[in-house]
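Here's the structure, in structure tokens; my notes come after.
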Amino acid sequence: MTLPLIPYPSTSAALEQPMLRQLGPNLYLLMFRLMKLVPAKFIIDQALARGKLPPGGLVMETSSGTFALGLAIVCCERGLPFVIFSDPIVDRGLRRQLELLGGEVCIIEQPAAVGGFQQARLDALDARLAAAPGAFWSRQYSNPDNARAYAEPADQLRAALGDRLTLVGTVGSGGSTGGMAARLRATGAACRLVGVDTFHSVLFGQPDGPRLLRGLGNSLLPPNVDHAAYDEIHWVSAEAGFNATRHLMQAEAVFAGPTTGAAHLVARWHAAAHPDETVVFVGADEGHRYLATVYDRDWLAAAGLRPDAPLPAQPVAAPRPAAAGGDWACFAWNRRSLREVADPA
Ligand SMILES: Cc1ncc(COP(=O)(O)O)c(C=O)c1O
């Protein structure tokens, strides 16, 4: 086998390429090392190509997670200055990487009365944009290029696994699951889409509240979530999601972040319940950032979670999204809008 040569600039080219692994007779993992680099790179390159971002122009975004890192890598490669608006939850390791890659990290210390830290970060970004006309805001939550960025991995999935797929993935901005399902369907594949969220996230109709399982879910409703794309929605608790993440490590030696663990919990159950379906779940990042939290029993216990709790065997079907609770719940969304689900005719 020849060694694949990754062309320059090679960091983003290497990181955007996922690996497809088989974990069971009808269960596959589409594993990215840093999934959010895919939309970050596409958004920046489209903006440069369309003249919305001049060469050397300033890039801004609000993020406390992996989209910021993806953007930082792309900006570093393209020679673009960038500012990330974040909040105290951002971990020191991520902050250090963003700064080493040439970024300014603006930590917003106080949440807004409505919309929490996310709204406060947006307010700070707005103020900075007003003072820096011509700066480019990548807007991962509303920029349609977020979802469009996933055409390539969707085409790769179809080429590898065929025309009938069930895709399971966590939902934050909605770009990855919505983008891959849209591309698969647009190119003639039959794709069942299963979205994974967490309790107290407003994305699929739960009341807003504090959440420990991060990367998925949201306190605000992003325009990029295309609700009518989803066949089924699951809500997974922090305890179940974190324990499933360590289970994935122990059972398969897959060292991934907690959104991958939550997606695995759902996908493994779905694959066993539907042996006729080809089930693929999305792995969004590696486990390094979570060694001191999800992978640390003392941290889990201090957070009030039970690291030894058995994984829930199956979800409880919720009568409506707002009533979903417990460790793991599901709801037949049936490709409806949020309004159609909230007010069924
Ligand atoms: C680690 C991780 N997993 C999953 C997701 C969800 O992906 P998407 O924003 O495409 O819905 C995110 C989003 O930020 C993430 O950071």
Side-chain angles (χ1 to χ4, degrees), residues 12 15-18 20 30-50 52-53 59 61-63 65-71 73-74 118 122 136-159 161 165-197 201-204 215-218 220-234 259-260 263 280-285 333 335-339:
S12 60
L15 288 177
E16 73 185 340
Q17 183 54 56
L20 184 61
L30 183 71
M31 186 74 211
F32 292 86
R33 286 172 64 194
L34 181 62
M35 180 181 78
K36 301 296 280 192
L37 182 120
V38 173
K41 185 173 177 179
F42 192 74
I43 286 172
I44 291 297
D45 286 349
Q46 289 296 311
L48 284 168
R50 294 185 201 131
K52 286 188 174 171
L53 169 62
V59 175
E61 186 54 286
T62 140
S63 167
T66 52
F67 187 80
L69 185 56
L71 198 65
I73 290 168
V74 175
Q118 299 220 38
L122 283 170
F136 175 73
W137 175 13
S138 43
R139 293 179 194 261
Q140 67 150 327
Y141 292 108
S142 58
N143 189 335
D145 283 336
N146 177 350
R148 288 185 196 127
Y150 291 92
E152 175 78 18
D155 290 349
Q156 290 175 331
L157 262 187
R158 189 168 173 216
L161 296 177
L165 294 173
T166 298
L167 185 66
V168 179
T170 54
V171 187
S173 70
S176 52
T177 43
M180 280 192 266
R183 175 68 173 193
L184 285 163
R185 290 169 183 164
T187 54
C191 171
R192 248 187 99 68
L193 184 58
V194 179
V196 181
D197 195 1
S201 150
V202 304
L203 291 185
F204 293 96
L216 74 179
N218 214 312
L220 303 172
L221 196 56
N224 268 345
V225 177
D226 176 13
H227 293 88
Y230 296 86
D231 293 284
E232 206 174 297
I233 294 300
H234 289 244
T259 58
T260 308
V280 188
F281 71 103
V282 180
D285 67 350
W333 195 272
R335 301 196 190 184
R336 286 173 289 171
S337 68
L338 192 57
R339 180 171 297 180

| task | Run the numbers on H234 and V194 for side chain to side chain contact (heavy atoms under 4.5 Å, CB included), then give the verdict. | result | CA-CA 8 Å; H234 289 244; V194 179; 3.6 Å; yes

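With S337 contributing its side chain and A228 its backbone, the two residues share no donor-acceptor pair below 3.5 Å. Listed for the T260 side chain is a donor-acceptor partner under 3.5 Å among the backbone atoms of A284. No donor-acceptor pair closer than 3.5 Å links the side chain of E61 to the backbone N or O of W137. A donor-acceptor pair is defined here as one N or O able to donate and one able to accept, closer than 3.5 Å; such a pair exists between the side chain of S63 and the backbone of G65. Judged by distance alone, with hydrogens and angles left aside, the side-chain atoms of D197 form no donor-acceptor pair with the main-chain N or O of L216 at under 3.5 Å. Under the 3.5 Å distance criterion, the side-chain polar atoms of N143 are matched with a main-chain donor or acceptor of S138. H227 places a side-chain N or O within 3.5 Å of a backbone atom of L203 that can act as its donor or acceptor partner.
Nearest heavy atom pair, residue G70 against residue A40, reads C-CB, 3.6 Å. Taking each heavy atom of A181 and L193 in turn, the nearest pair found is CB-CD2, 3.7 Å. Across all their heavy atoms, L165 and L161 have their closest contact at CD2-CB, 3.6 Å. The two atoms that bring L167 and C191 nearest to each other are CB-SG, 4.1 Å, heavy atoms only. Here the shortest heavy-atom pairing between G179 and Y150 reads C-CB, 4.1 Å.
Considering only heavy atoms from C-beta on, Y141 stays 4.5 Å or farther from L122 through its side chain. Proximity of P153 to F32: side-chain heavy atoms (C-beta onward) are separated by under 4.5 Å at one or more points. Residues F204 and V225 have side chains in contact (heavy-atom distance under 4.5 Å, counting atoms from C-beta outward). You'll find the side chain of K36 reaches within 4.5 Å of the side chain of Q140, heavy atoms only. Residues L338 and L221 form a side-chain contact, since some pair of their non-hydrogen atoms from C-beta on lies under 4.5 Å apart. In this structure, L34 and I73 have side chains that are in contact, with non-hydrogen atoms separated by less than 4.5 Å. The shortest distance between side-chain heavy atoms of V59 and V74 does not fall below 4.5 Å.
Ion pair R50/D145 flagged as a salt bridge, since at least one NZ, NE, NH1 or NH2 atom sits closer than 4.0 Å to an Asp/Glu carboxylate oxygen. Between D231 and R185 a salt bridge is recorded (basic side-chain N to carboxylate O distance below 4.0 Å). Remark: R158 does not engage D155 in a salt bridge, criterion side-chain N to carboxylate O under 4.0 Å.
In this structure, the separation between CG on N224 and CG on N218 is 11.0 Å, given to the nearest 0.5 Å. With values rounded to the nearest 0.5 angstrom, F136 atom CZ is found 8.5 Å from L48 atom CG. The CZ atom of F67 sits 10.5 Å away from atom OG1 of T62, with the distance rounded to the nearest 0.5 Å. How far CD1 of I44 is from OG of S12: 11.5 Å, rounded to the nearest 0.5 Å. Between the CE atom of M35 and the OG1 atom of T66 there is a distance of 6.5 Å, given to the nearest 0.5 Å. Here the CZ-CG distance, from F42 to L37, works out to 13.5 Å after rounding to the nearest 0.5 Å.
For the residue pair Y230 and T177, a side-chain donor N or O sits within less than 3.5 Å of a side-chain acceptor on the partner. Under the 3.5 Å distance criterion, with hydrogens and angles disregarded, a donor-acceptor pair is assigned to the side chains of S173 and N146.
For the side-chain contact (heavy atoms from CB on, under 4.5 Å) criterion with P18, the lone passing option out of L30, V38, V282 is L30.
At most 12 non-hydrogen atoms from other residues, nucleotides or ligands lie less than 6.0 angstrom from CZ of R33.
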